[in-house]
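Quick one: the structure is below, and I'll ask about it shortly.
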2 protein chains.
Amino acid sequence: MATEKDNPGEPLWARLERPAPAPRQTLSPQRVATAAVKIADAEGLDAVTMRRLATELGVAPMAPYRYVSGKDDLLELMVNHVYDDLRLPGNLGWRETMRALALQTRKLLLRHVWLAQLPPTAMLSLTPNRMAIAEKALSALEGLGLDADAMMSVFRAVDAYVHGAMTYEIAVQNLMRQQGWSDGGKLRSELAPQMIWHMQTGRYPTFQHYLSTATRKDDARWQFETGLDYVLDGIVAGLDI
Amino acid sequence: MATEKDNPGEPLWARLERPAPAPRQTLSPQRVATAAVKIADAEGLDAVTMRRLATELGVAPMAPYRYVSGKDDLLELMVNHVYDDLRLPGNLGWRETMRALALQTRKLLLRHVWLAQLPPTAMLSLTPNRMAIAEKALSALEGLGLDADAMMSVFRAVDAYVHGAMTYEIAVQNLMRQQGWSDGGKLRSELAPQMIWHMQTGRYPTFQHYLSTATRKDDARWQFETGLDYVLDGIVAGLDI
DNA sequence: CCTCCGCTGTGTACAACGTATTGGTGAGAT
DNA sequence: ATCTCACCAATACGTTGTACACAGCGGAGG
């Protein structure tokens, strides 16, 4: 009866780090994670149900609980799993490293849009792969004469911008996909009954002016990089580096 | 089942046993919204279930559906309701307006921490009060010689940073509260078994250095404003305004 | 060889959720 | 006085996360 359940405080990762208990099992954290990610990628996060996951793995509904203590654990495992694909190039200056961090994160979130729908606890859980990325990014900020607080402020500013921007970008993308529109122009002109209605009230002249004269409304990448450059330029200006 | 009304000899007591006659028009979108917000503020977003809401309103479980078409609608209603408290001062320069937008949003999210846990669709839904804020913020960017795309890029950069930063800040705060620690120092030194474990691996020297030498780890406001200044400075630098 | 033990996956069960549906009741229009 | 319909009640269904007890089987000790 001395299972890991007796030590609830022990983090998931501690368990995973210990040598694999038995090479004979049909299930493994790896298999659980890949199956869950596959479901989420294909059908969205809502489709990731413990039962659905078990079905995907060809086991009984309760079987995955041997490897994850609950759904929260599962989400953390999924996050860690996909962040394994995010690799930061080394040997770059701090700015290029931060830029790469941002662009790579964007790519990852676009490949796994469900990452932007996670409950915040799972979103910023301290999984090994995420820790490794943070470590690498922080270390690129050493040797610039910054104190620890300043270094972290840089990392966090970039990270905050990226997540905020991607939450928005992905929400718009989801909205479009869910409505069956693939093209952004149609989105703006025909989509949101919401938006139409708001505009008809005539209460938002500046907004309306934007809608009718802007030319990069659909260039998500330009929008992302423009904002990112603001952040990076501001770091240069604020810290004189 | 025939009602008691069909039985003329029904004693008074029988009728009194039944739930109070209930005056008509007990519900309204306003009452629904305030009740839901009250629950979320007091017990977190998870406590906001349709049944709980109905109980709070003293009404049958399905009653609120007369005013909101489902739970998504309810969340939108809640968002709009609390954003009514966010007022942007007019007659300020663009930078002070953006700054006020950020600080006021932070205050709002700290007062209603569940705002940071909303599913993204509800988070950026186009509710009237949110539209009004966007309109006001955008109009503060007019007359600077910016085209529509640039104006929107400024607004979105600030907004993205704010939401990303607050997601993080609130997640940390939730973590602390949920563990019963009120003080940040304890948090870092004793909290997350996760963090402890990660540090014990010795794989994150830069991170560890931060933890041991930083002095503003608990100064959430400083962190927020520092990052915000990066963004604003970067806008100045990037757009030359 | 047999026997026991502990890890692994199974089966069943339950409470809580969102919400479809149907029914009764009273306020205002006719 | 009657009709009508907005309002709320009552009940029920399907799905979810997960607690709990049990079965099969591989390797250690005799």
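A, B, ... follow the sequence lines: proteins, then strands. Residue 1 opens every chain.
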Worksheet item: Separation of A:Leu27 atom CG from D:dC25 atom P, in whole Å?
Response: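 In whole Å, D:dC25 P lies 17 Å from A:Leu27 CG.
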Item to complete: Report yes if the distance between the aromatic ring centroids of B:Tyr161 and B:Phe224 is under 6.0 Å, otherwise no.
Response: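 That pair passes the under 6.0 Å test.
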Discussion item. Is there a side-chain contact between A:Thr49 and the phosphate of D:dT15, meaning an N or O under 4.0 Å from OP1 or OP2?
Written reply: no
Fill in: Pair B:Glu76-B:Thr127, side-chain donor/acceptor within less than 3.5 Å
no
Fill in: A:Met50 vs A:Leu74, side chain to side chain contact (heavy atoms under 4.5 Å, CB included): CA-CA, chis, key distance, verdict
CA-CA 9 Å; A:Met50 295 309 273; A:Leu74 176 65; 3.9 Å; yes
Practice prompt. Please list residues of residues 55-66 of chain B whose heavy atoms come under 4.0 Å from any atom in DNA chain C, ordered by number; otherwise none.
Written response: B:Met62, B:Tyr65
Item to complete: Taking atom CD of A:Glu43 as the centre, report whether more than 12 heavy atoms of other residues, nucleotides or ligands fall under 6.0 Å from it.
Response: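 Count over threshold, so yes.
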Fill in: Distance, rounded to the nearest Å, where A:Met50 contributes CE and D:dA19 contributes C1'
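My rounded result for the distance is 13 Å.
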Worksheet item: Can you tell which of A:Leu75, A:Ile39, A:Val82 makes a side chain to side chain contact (heavy atoms under 4.5 Å, CB included) with A:Trp114?
Response: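 So the option named by the test is A:Val82.
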Item to complete: Give the rounded distance in Å between these two atoms: CZ of A:Arg52 and P of D:dG17.
Response: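 Atom-to-atom, A:Arg52 to D:dG17, this comes out as 12 Å.
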Item to complete: Measure the distance from CZ on A:Arg31 to P on C:dT8 and round it to the nearest whole Å.
Response: 15 Å
Item to complete: Check the distance between C:dC17's C1' and B:Leu53's CG and give it to me in whole angstrom.
Response: 14 Å
Discussion item. Rounded to whole Å, how long is the line connecting atom CG of A:Leu75 with atom C1' of D:dG17?
Written reply: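 Interatomic distance, CG of A:Leu75 to C1' of D:dG17: 12 Å.
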Worksheet item: Has the side chain of B:His112 got a donor or acceptor atom that lies under 3.5 Å from a matching backbone atom of B:Leu108?
Response: no
Item to complete: Using whole Å, report how far CZ of A:Arg51 lies from P of C:dT12.
Response: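 So the two atoms are 13 Å apart, to the nearest Å.
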Worksheet entry | Separation of D:dT16 P from A:Leu74 CG (nearest whole Å) |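 Computing the A:Leu74:CG to D:dT16:P distance gives 14 Å.
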